[in-house]
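In what follows, every chain begins at residue 1, and chains take the letters A, B, ... in the order their sequences are listed.
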Amino acid sequence: MSPFGGHGVPFRRIPAMVMPEKPSLDGLESKWDEWWQASGTYRFDRSTSRDQVYAIDTPPPTVSGSLHVGHVLSYTHTDLTARFQRMRGLEVFYPMGWDDAGLPTERRVQNYFGVRCEPSLPYDPAYDYASLERPDDREQIPLSRKNFIELCGRLTAVDEKAFEELFRHLALSVDWDHSYTTVGDRSRRASQRAFLRLLANNYAYTAEAPTMWDVDLRTAVAQAEIEDREQEGQYHRIAFDREDGGVVEIETSRPELIPACVALVVHPTDERYMASVGSTVLTPLFRVPVPVLAHELADPEKGTGVAMICTFGDVTDVTWWRELRLPARVIMQKDGSIGKKTFGERGWESRDPEAANAALDQIAGMYAKKARKRIVEMLKESRHLLGEPQTIRHPVKFYERGDRPLEVISSRQWFVRTLEHRDDLLKRGAELDWHPPFMQARYDSWVRGLNADWCISRQRFFGVPFPLWYRVDEKGNPNYDEPLVPEESLLPIDPLADVPEGFSADQRDQPGGFTGDPDIMDTWASSSLTPQIAGGWEDDPDLFSRVFPMDLRPQAHEIIRTWLFYTVLKSQLEHGSLPWTNVAISGWVLDPDRKKMSKSKGNVVTPLGLLEQHGSDAVRYWAASARLGADATFDEQQMKVGRKLAIKILNASRFTLGMEAAPGEVTEPLDRSMLAALGSVIGEATDAFAGYDHARSLDLTERFFWAFTDDYLELVKHRAYGAHGEAPAASAVAALRTALDALLRLFAPFVPYVTEEVWSWWRQGSIHRAAWPVAEDLGPGAAQGDREIYELGAEILTAVRKEKALQKVSLRAAVDLVTVHDVPERLALLTHVERDLMEAGNVARIETVVADSPSVITVLAPVEG
RNA sequence: GGGCGCGUAGCUCAGCGGGAGAGCGCUCGCCUCACACGCGAGAGGUCGCAGGUUCAAAACCUGCCGCGCCCACCA
């Protein structure tokens, strides 16, 4: 027999309806997941007005990776809030995105199909992708960009299906009708449109400028993708000869850049070098005359106090170069090797060009590390190297996924103005509600530390191309100052395949013709538009007006400087507003050794395995116990506790709903007392949840619930069975059901499966569309309840149990006499629980003694026979 | 180098100006008519260290120590 009754009952009927004899968690997950999907429980009602909508900017997971426990943690956190807000009556817009753009997908598709992206190829709409299966060791087949993107879509569709299944299993209350991919048309259209608007508003510009450059990927990278790595290096003390005799000593860790030296610099107030400022020195080996200049950024404490300015050793060099208006002598090439230059020519003046060229020949073609070694030998021979190099450890900039240090290389790139918006961006950051608040410090320190505009162009092939062409003049030079832009309605376009209006295809790359921009955008240029993409910006204005700006951005803290920052930036520049009002930052999952869990460390815990082993409600319980912003320890014990809770909810509910007496008015003081206590729990749990503190909400509810089953249920069950007559029984049954009804709803966001199951036994519709409880639900009796009665009853019951435990007898063991010592006010309340206590503890008599402090003495009855 | 967070029972954590707490684990008991996937009870802590403020400090201030993270102009 299926839980549906086995006779083809229509899907939309609630599946259970009947309380089972022996409730179990088995089968609940697939049953309810199916029903939720079929009945559209989480479907977004797009007729709702903006003020009744709660919109979530879901993070699109990278589909070419795999989901790990960290996803389970953070996506559960988001779902908790989604469910809470939905129950509070808001229409929740909870879409799902799939990040299938970017390098990971590119690599995966390359390897999986044995292909590569070749943007210059024309699109073949009839390409037979099936022919690509089984790549073996044949050569990589080149594909046009559009074909490559289609192929990515084919592969990632499979991944997306698997991800969706896991997320559904985890009970994410996502509306699956609202999903998007970052490589899809909508995303590319939005990215290109956003770029064109930046361009139109002069927020984007192109420039030939020094930027951070990865010599392996051979592309520019943005500041946000750079990380410092502590590396070993060496300080070399090197003498520059003064033309008027004497030397100026500098220290550098990059002597191979001496041929690129354009000046020396000292701090303007540095007494030691004041006399040298304005003089000319000759670079060692190359004998290039360079000036000694003064600038505030020179640090008298570092090295000798004199720094060598090269074009370009680091970003400080760029600053000096720009502010001191120095010439450029670039020797570093895009592949990271030293280039060949001719000293003696214009811009490469030397007092001894022959020697200079000979010296450069020694290192030309070498990569930095090798060139350094060679030049140090040469400096040693020429006696310009003073003393032995000193080994140091210093931070070196790397592309976050790169293997070799970044170089600063001048190239033409597209930039988005960020520096001039710094103050606005800081203001927006302050307007956001951060959960937890201290995470704002990460954002602030990042924005304050910005030192360059956002370089958004990448010299890669797979990604969203710039929707631009450039006119080519008669000499064959592109005119970058006046790019040709397409109509927005034509987006997305590929400038390497599509032809600009007014030109024909055969004019491509011809003098007097046009050329397409060869670059693609930084992946963050698309990712920073997730609220717009999910919300239907320009594509679906009606939807967009109902969901934007959104209410919540959930995300991890390590991408505050990228995803969060760029999203705020884009929204500011396009809409002049924040993209959302709240940000919820989940922590990482740490393994028991306190290290971040990751598959690279060998901590292979698959989420699906966890869900199957412990149950989704149990795993969610673990995730829900971790607060936002705090790293969570991977703790299967906690999942077992969650499972116990789910089972307890089943059993307590069955018991409560199985009472035969009809519920009546809640008249008994103990019942009212319990409901009064529940009323304040509802208040506190609601406040906590509304403040994004789901862990506290759960803790409060759970604490109440366990006491409810241990004490209240025990105290009233005999009365509920009718031990004291009909009215007292009716009061107990009513109070039990009222409490259960509210507790189930308080628990619903945390353990959606088991609460839905119990709800179906006696209520209509989905609990996840039911109203979040309020104290008024508990009826007038609760308002009149005195919470101390419940507390007193529980305390005395505990004291009686304790005596039985100490005597090692059954909890059903008969008690002759219980003497309650307490203050008069509390003793006065005892009458309200006396009879329930006698039943629950199997107590024959209760006596009271007035005392200064409470204590209970229990006398067990002698065992019969 | 600057910043943020965290250091409370064996473990995971809550508490954040007036009783040192919860769950798990451990020990001991209990087949009590919802649940043995259960129930009850117990043991267990100089609240990282040192100063200070206060009638009162785990909580507030200062300084250190340890752990994690974020940021930082590589001379």
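- For Trp446(A), whose side chain is taken as the heavy atoms from C-beta onward, the closest listed nucleotide among C37(B), C71(B), G40(B) is C71(B).
- Side chain of Asp710(A), nearest nucleotide from C13(B), G40(B), C35(B): G40(B).
- A distance of about 26 Å separates the P atoms of G10(B) and C69(B), rounded to the whole Å.
- At a threshold of 4.0 angstrom between heavy atoms, the contacts of Val641(A) are confined to the sugar-phosphate backbone, with no base atom among them.
- For C24(B), the paired base is G10(B) (Watson-Crick or G-U wobble, both distances below 3.5 Å).
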Passes salt bridge (charged side-chain N to carboxylate O under 4.0 Å, His left out), Arg696(A) versus Glu684(A)? Steps please. CA-CA 9 Å; Arg696(A) 180 171 158 74; Glu684(A) 286 179 63; 3.2 Å; yes

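- G48(B) and G5(B) have their C1' atoms separated by 16 Å, with the value rounded to a whole Å.
- Remark: the Gln637(A) side chain and the Trp622(A) side chain contain no N/O donor-acceptor pair separated by less than 3.5 Å.
- In this model, the phosphate group of C73(B) is approached by a side-chain N or O of Asn451(A) to a distance below 4.0 Å at OP1 or OP2.
- Distances from the side chain of Val396(A) to the nucleotides G68(B), C35(B), C74(B) place C74(B) closest.
- Residue contacts for Leu811(A): at a heavy-atom cut-off of 4.0 Å it reaches a base atom on one of the strands shown.
- Spacing between A22(B) and G44(B) at atom P, rounded to whole Å, works out to 14 Å.
- Listed pair Gln440(A) / C4(B) fails the phosphate criterion, with no side-chain N or O lying under 4.0 Å from OP1 or OP2.
- Residue Gln231(A) is out of contact with every strand shown, counting any heavy-atom pair closer than 4.0 Å.
- When the side-chain nitrogen and oxygen atoms of Tyr721(A) are compared with OP1 and OP2 of A34(B), one or more of them lie within a distance under 4.0 Å.
- In this entry C64(B) has G48(B) as its Watson-Crick or G-U wobble partner, both defining distances falling under 3.5 Å.
- Nucleic acid contact for Asp314(A): base, since at least one base atom lies under 4.0 Å from a heavy atom of the residue.
- At a threshold of 4.0 Å, the pair Lys397(A)-Asp228(A) counts as salt-bridged, since one of the basic side-chain nitrogens sits closer than that to a carboxylate oxygen.
- In the set C4(B), C35(B), G40(B), the nucleotide with an atom closest to the side chain of Phe438(A) is C4(B).
- Residues Glu230(A) and His394(A) bring no donor and acceptor atom of their side chains to less than 3.5 Å of each other.
- With C1' as the reference atom, A50(B) and G7(B) are 16 Å apart, rounded to whole Å.
- In this structure, Tyr443(A) and Phe565(A) have tilted ring planes: the angle between them lies in the 30° to 60° band.
- When each of C71(B), C73(B), A34(B) is scored by its nearest atom to the side-chain atoms of Ser445(A), the top-ranked nucleotide is C71(B).
- When the nucleotides C74(B), G68(B), G42(B) are ranked by their closest atom to the side chain of Lys802(A), G42(B) comes out on top.
- Between the side chain of Lys397(A) and the base of C74(B) there is no donor-acceptor pair of N/O atoms closer than 3.5 Å.
- The nucleotide A43(B) finds no pairing partner, because no Watson-Crick or G-U wobble arrangement with both distances shorter than 3.5 Å includes it.
- Separation of the P atoms belonging to G15(B) and C39(B) is 26 Å when rounded to the nearest angstrom.
- Nucleotide C73(B) holds its P atom 14 Å from the NE2 atom of His394(A), rounded to whole Å.
- Within the 4.0 angstrom heavy-atom criterion, base atoms lie near Ala298(A).
- The phosphate of A34(B) has OP1 or OP2 within less than 4.0 Å of a side-chain N or O from Lys717(A).
- Using a 4.0 Å heavy-atom criterion, one finds that Lys644(A) contacts the sugar-phosphate atoms exclusively.
- Using a 4.0 Å heavy-atom distance criterion, Gly233(A) is classed as making no nucleic acid contact.
- Taking atom P in both A43(B) and G3(B), the straight-line distance is 46 Å, to the nearest Å.
- Rounded to whole Å, the separation between the P atoms of C37(B) and C49(B) comes to 43 Å.
- For the residue pair Thr252(A)/His236(A), the side-chain donor-acceptor check at 3.5 Å is not satisfied.
- Here Phe750(A) and Phe689(A) bring their ring centres to under 6.0 angstrom of each other.
- When the nucleotides C71(B), C74(B), C24(B) are ranked by their closest atom to the side chain of Gln637(A), C24(B) comes out on top.
- Of the side-chain N and O atoms in Arg561(A), none sit less than 4.0 angstrom from OP1 or OP2 of C70(B).
- Base contact: Asp299(A) has a heavy atom under 4.0 Å from a base atom.
- Counting non-hydrogen atoms under 4.0 angstrom, Glu636(A) reaches nothing in the nucleic acid.
- Look at G17(B): it lacks any Watson-Crick or wobble partner with both distances under 3.5 angstrom.
- Between His718(A) and Tyr721(A), the ring planes lie perpendicular to each other; the angle is over 60°, past the 30° to 60° tilted range.
- Of the candidate nucleotides A34(B), C74(B), G40(B), A34(B) has the atom lying nearest to any side-chain atom of Phe655(A).
- Annotation: U8(B) and C16(B) have their C1' atoms spaced 12 Å apart (nearest Å).
- Of the candidate nucleotides C28(B), C30(B), A22(B), C28(B) has the atom lying nearest to any side-chain atom of Lys808(A).
- Arg696(A) comes within 4.0 angstrom of nothing in the nucleic acid, heavy atoms only.
- In the set A72(B), A34(B), C4(B), A72(B) carries the atom at the smallest distance from any side-chain atom of Asp228(A).
- Counting any heavy atom pair closer than 4.0 Å across all strands shown, Trp622(A) reaches no nucleic acid atom.
- Within the nucleic acid shown, Ile585(A) has no heavy atom closer than 4.0 Å to any nucleic acid atom.
- Position along RNA chain B of the nearest nucleotide to Lys648(A) versus Leu450(A) favours Lys648(A) as the more 5'-ward residue.
- Between Phe312(A) and Trp321(A), the angle of the ring planes goes over 60°, which puts this pair in the perpendicular group of the 30/60° scheme.
- OP1 or OP2 of A36(B) lies within a sub-4.0 Å distance of a side-chain N or O belonging to Lys22(A).
- Among the atoms of the strands shown, none is found under 4.0 Å from any heavy atom of Thr304(A).
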